[in-house]
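Working notes for the structure below.
Just so it is clear, the structure is predicted and the values come from calculations on it, not from any experiment.
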Amino acid sequence: MRPRSARVPAAALAVLLAAGGCSLFQDEPGPEEPARAFVAAWARGDTATAAAQTDDPAAARAGLDALRKGLGATSGTVTLGEVTSEGEDNAIARYTAEWVLPAVAAPWRYDGTLPLVRSDDAWTVQWGPNDLHPKLQTGQTVRVVRELPERAALQDAAGQPLFRREAVVTVGVEPRRVPDLPALATALAAALEIDPADVVADVRTAKPTAFVPVITLRRADYEKVKPRIYDLAGTVFQRGERLLRFAQPLLGRVGEATAEVLQEAGEAYRTGDELGVSGLQRALNGQLTGTAGARVEAVWETPGNREPVALGQVEGKPGTPVRTTLDRSVQQAADAAVAASTTPTALVAVKPSTGAIVAVANNEKAPYDIALAGRFPPGSTFKIVTASALLTGGVVQPASALDCPATTVVYGKRFQNSDRFELGRVPLREAFAQSCNTTFTQLSQRLDDGALAAAAAPYGVGSRWQLPVPSFGGSVPAPKGDPEKAADAIGQGRVEVSPLTMALVAASVAKGGGVVPSLVAGAEPAGAAPAGPPAAVLPALRDMMRAVVTEGTASALASLPGEVAGKTGTAEYGTAVPPRSHAWFAGYRGDLAFAVFVQDGQSSRTTAVPIARTFLAAAP
């Protein structure tokens, strides 16, 4: 929670007066009249008129103005209660004040009294600061300290909080204590697997007494290397805590709200409030943040050692926890699997039976949430869709004998297999398992221009999912010409997908029906359910995807428990020679479908498939 004093200008204020009844003083104007005039003017913000009803208008107006400024109330009511005689020349008027404080959950309400005195047959309010609040004294001003309640938790599918703090140790160097910098850098590099040149450069440019951070380690990891680094001359250490990196950037972070976030969040929040500023934390601010309460205090104009005096409290309204669909064990397996990759890498996992997204992992190299919102050519993972189009159209059967040369020319454009392998004449099943580009580009000549887009739609490709965070459902534009149609057949051309898209394609095959993704438990569907792959092609597709693992390009997964099925993919892009390539694997095991994407991964066999193996070995 971050307290903050309100400084919002007061608007015009309304007044609510209780029924006046008869005057206590039947033969002459009584005290009710100035009391009623005072509270009416006070409530509507007319401090001059209110002050004129007192015996010290100058002091009263100053006090009324100071209260208005301190509260910053946007509206309010003052209800006049009973007026009672306290003697021939004295009376007491009771009132109830209620002020709507800016960006605070509920109005501040309190009871007060107005002393009234008669002089020369005229009644006036006897001025004192406690006319405005019973505890307000001379020499005090009022302030409002807003306090947001503790933020509600983002939860995993089991209802447990997804954020937790962990103990860390930052290893550093204090330059003045280092007798031999190159030797220290070499020793630290050997123990911590860092670049010694970076240590040397950072220490040489720092002040002699500075703490130069080298690396921050989890406490458990620090204890493992402590014997090798603790006694090195020049090393220093700082202990602390940090939020565990988990499912980032999907979950997002909490911080001081930017102007853009405040505009989204609405009038209940103010500059300086701690809100979700990215990811699900930002998307779900309305549920998680709650509404601020406030302390109303009287502070001394000359404080000295005097503490503020509490005038009242408005309780805030806490936020509501939000349960996501993320499975903690699956998410941890996904985060660990992509962590070591040296290029931007992502993994999305989905439950085919429900569409629940159970893991969204992006490694630290990823510039944004490429797992859900990336736009990349799918390479040969798209052959799942192409095979569906070929089988549905009756162009081929799984056992059809097809040519798989090292290279081929289709519509005047040359295509080749990875490393220019050739298989001769083989069944479709083997061409799919070995990812024969030349076979599929040749077969594209027997498809209509709109066949691939039509085949992709039942898998959800092209859907505009309404998830709480940005996502990309894929795109299969009409080919600009026959050469592009051939390229599209192997996931090149202008076909684009996200890892989420390909995870849903794999999930559709596993389920045998359309899959709608979800990230928040119990939320409205993210879109209409796609039709799913045609039932007639499912046996063949499942058999071919299983063959990729048992005898094809993903054979490294064959020894894993359970029946893993999927499709590898390598997607060339750019104009470099040789071309640069992304690496993919999309597949499923039981009720778990997933897609791995490695930017600039070059070969799916050496990058995407090993990541898939690491993930599946750890995932439940």
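- Residues passing the ring pair (Phe, Tyr, Trp, His ring centres under 6.0 Å) test with Tyr222 are Phe237, sequence neighbours excluded.
- Side-chain N or O atoms of Ser329 include none that pairs as donor or acceptor with a backbone N or O of Pro620 at under 3.5 Å.
- Contacts of Glu223 classified as salt bridge (Lys or Arg N to Asp or Glu O under 4.0 Å), with partners at least two apart in sequence or in another chain: Arg219.
- At a cut-off of 3.5 Å, with distance as the only test, no side-chain donor of Asp600 or Thr343 sits close to an acceptor on the other residue.
- Applying the side chain to side chain donor-acceptor pair (under 3.5 Å) rule to pairs touching residues 520-545 yields Arg429-Asp543, sequence neighbours excluded.
- Side-chain atoms of Asn362 never come within 3.5 Å of backbone atoms of Asp369 as a donor-acceptor pair (strictly under, hydrogens ignored).
- Pro499 and Ala595 get closest at one heavy-atom pair: O-CB, 3.3 Å.
- A salt bridge is defined here as a Lys NZ or Arg NE, NH1 or NH2 lying under 4.0 Å from an Asp or Glu carboxylate O, and Arg282 with Glu260 meets this definition.
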Val254 and Arg151: side chain to side chain contact (heavy atoms under 4.5 Å, CB included), yes or no, with the steps? CA-CA 9 Å; Val254 176; Arg151 189 174 181 84; 3.6 Å; yes
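- Evaluation of the salt bridge (Lys or Arg N to Asp or Glu O under 4.0 Å) rule for Arg375 yields Glu496 as partners, not counting sequence neighbours.
- Distance alone, capped at 3.5 Å, places no donor-acceptor pair between the Glu364 side chain and the Ala339 backbone.
- In terms of heavy-atom proximity, Ala105 sits nearest to Thr291 at CA-CG2, 3.5 Å.
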Stepwise side chain to side chain contact (heavy atoms under 4.5 Å, CB included) check, Thr170 with Phe211: CA-CA 10 Å; Thr170 300; Phe211 177 88; 3.9 Å; yes
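- Residues meeting the salt bridge (Lys or Arg N to Asp or Glu O under 4.0 Å) test with Asp156, sequence neighbours left out: Arg328.
- Counting all heavy atoms, side chain and backbone alike, Thr392 lies closest to Pro534 at OG1-CG, 3.7 Å.
- Between the side chain of Gln434 and the backbone N or O of Glu551, at least one donor-acceptor pair lies under 3.5 Å.
- Applying the side chain to side chain donor-acceptor pair (under 3.5 Å) rule to pairs touching residues 453-477 yields Ser388-Tyr459, sequence neighbours excluded.
- Across all non-hydrogen atoms, the minimal contact from Pro378 to Met502 is CB-SD, 4.2 Å.
- Panel note: side chain Thr324, backbone Gln155; a donor-acceptor pair is recorded below 3.5 Å.
- In this structure, the side-chain contact (heavy atoms from CB on, under 4.5 Å) partners of Glu297, at least two apart in sequence or on a different chain, are Arg143, Val145, Arg295, Val299, Pro308.
- With rounding to the nearest 0.5 angstrom, the CD atom of Glu274 is 11.5 Å from the CD atom of Gln281.
- Atom OG1 in Thr258 sits 9.5 Å away from atom CD in Gln263 (nearest 0.5 Å).
- Side-chain contact between Ser418 and Ser603: absent, with no pair of heavy atoms (C-beta onward) separated by less than 4.5 Å.
- Of the N and O atoms on the side chains of Lys383 and Ser435, at least one donor lies less than 3.5 Å from an acceptor on the other residue.
- At least one side-chain heavy atom of Val214 sits less than 4.5 Å from a side-chain heavy atom of Leu192.
- When all heavy atoms of Ala283 and Val469 are compared, the pair lying nearest together is CB-CG1, 4.4 Å.
- One distance of note links CZ of Phe432 with CE of Met545; it measures 6.0 Å at 0.5 Å rounding.
- Note that CD1 of Ile229 is 13.5 Å distant from NZ of Lys224, once rounded to the nearest 0.5 Å.
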Could you walk me through whether Leu391 and Met544 pass the side chain to side chain contact (heavy atoms under 4.5 Å, CB included) test, one step at a time? CA-CA 12 Å; Leu391 293 167; Met544 289 191 294; 4.0 Å; yes
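- At least one donor-acceptor pair under 3.5 Å links the side chain of Asp273 to the backbone N or O of Arg270.
- For NZ of Lys226, the number of neighbouring non-hydrogen atoms (other residues, nucleotides, ligands) closer than 6.0 Å is greater than 12.
- Here the side chain of Ser341 pairs no donor or acceptor atom with the backbone of Val338 at under 3.5 angstrom.
- Taking every heavy atom of both residues into account, Ala389 and Ala451 meet most closely at CB-O, 4.1 Å.
- A donor atom on one side chain and an acceptor atom on the other are not found under 3.5 Å apart for Lys351 and Thr354.
- Using a 3.5 Å distance cut-off with no hydrogens or angles, the side chains of Asp488 and Gln492 do not pair a donor with an acceptor.
- Counting only heavy atoms from C-beta outward, the side chains of Leu326 and Leu162 approach each other to under 4.5 Å.
- One finds the CD atom of Gln331 at 9.0 Å from the CG atom of Leu347 (value rounded to the nearest 0.5 Å).
- The salt bridge (Lys or Arg N to Asp or Glu O under 4.0 Å) search around Arg228 returns none, not counting sequence neighbours.
- Using a 4.5 Å heavy-atom cutoff, the side chains of Val261 and Tyr269 are not in contact.
- Counting only heavy atoms from C-beta outward, the side chains of Leu500 and Phe472 never approach each other to under 4.5 Å.
- Atom OG1 of residue Thr320 and atom CG of residue Leu288 lie 8.5 Å apart, to the nearest 0.5 angstrom.
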May I have the list of side-chain donor-acceptor pairs in residues 506-521 shorter than 3.5 Å, sequence neighbours left out?
from: Ser508; atom 1: OG; to: Leu504; atom 2: O; distance (Å): 2.9
from: Lys511; atom 1: NZ; to: Gly514; atom 2: O; distance (Å): 3.1

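- For residues 553-565, every residue pair satisfying the side chain to side chain donor-acceptor pair (under 3.5 Å) rule, not counting sequence neighbours, is listed here: Thr553-Thr568, Ser559-Arg613.
- In terms of modelled atom types and a separation under 3.5 Å, the side chain of Ser278 and the main chain of Arg253 share a donor-acceptor contact.
- Side chain of Arg580 to backbone of Glu572: no donor-acceptor contact under 3.5 angstrom is found.
- Side-chain contact between Asn437 and Ser380: present, with at least one pair of heavy atoms (C-beta onward) separated by less than 4.5 Å.
- Counting only residues at least two apart or on different chains, the ring pair (Phe, Tyr, Trp, His ring centres under 6.0 Å) pairs with a member in residues 587-620 are Phe376-Phe597, His582-Phe597, Trp584-Phe597, Phe585-Phe594, Phe594-Phe615.
- In terms of modelled atom types and a separation under 3.5 Å, the side chain of Asn363 and the main chain of Thr345 share a donor-acceptor contact.
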Determine, step by step, whether Glu315 and Gln313 satisfy the side chain to side chain contact (heavy atoms under 4.5 Å, CB included) criterion, reporting the C-alpha distance in whole Å, the side-chain angles of both residues, the deciding distance to 0.1 Å, and the verdict. CA-CA 6 Å; Glu315 295 298 328; Gln313 179 84 29; 3.5 Å; yes
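- By the 4.5 Å heavy-atom criterion applied to side chains, Thr381 and Val505 are not counted as neighbours.
- Legend: residues meeting side-chain contact (heavy atoms from CB on, under 4.5 Å) with Thr607, ordered by chain and number and at least two apart, are Ala583, Val598.
- Counting heavy atoms from C-beta on, the side chains of Leu250 and Leu372 come closer than 4.5 Å.
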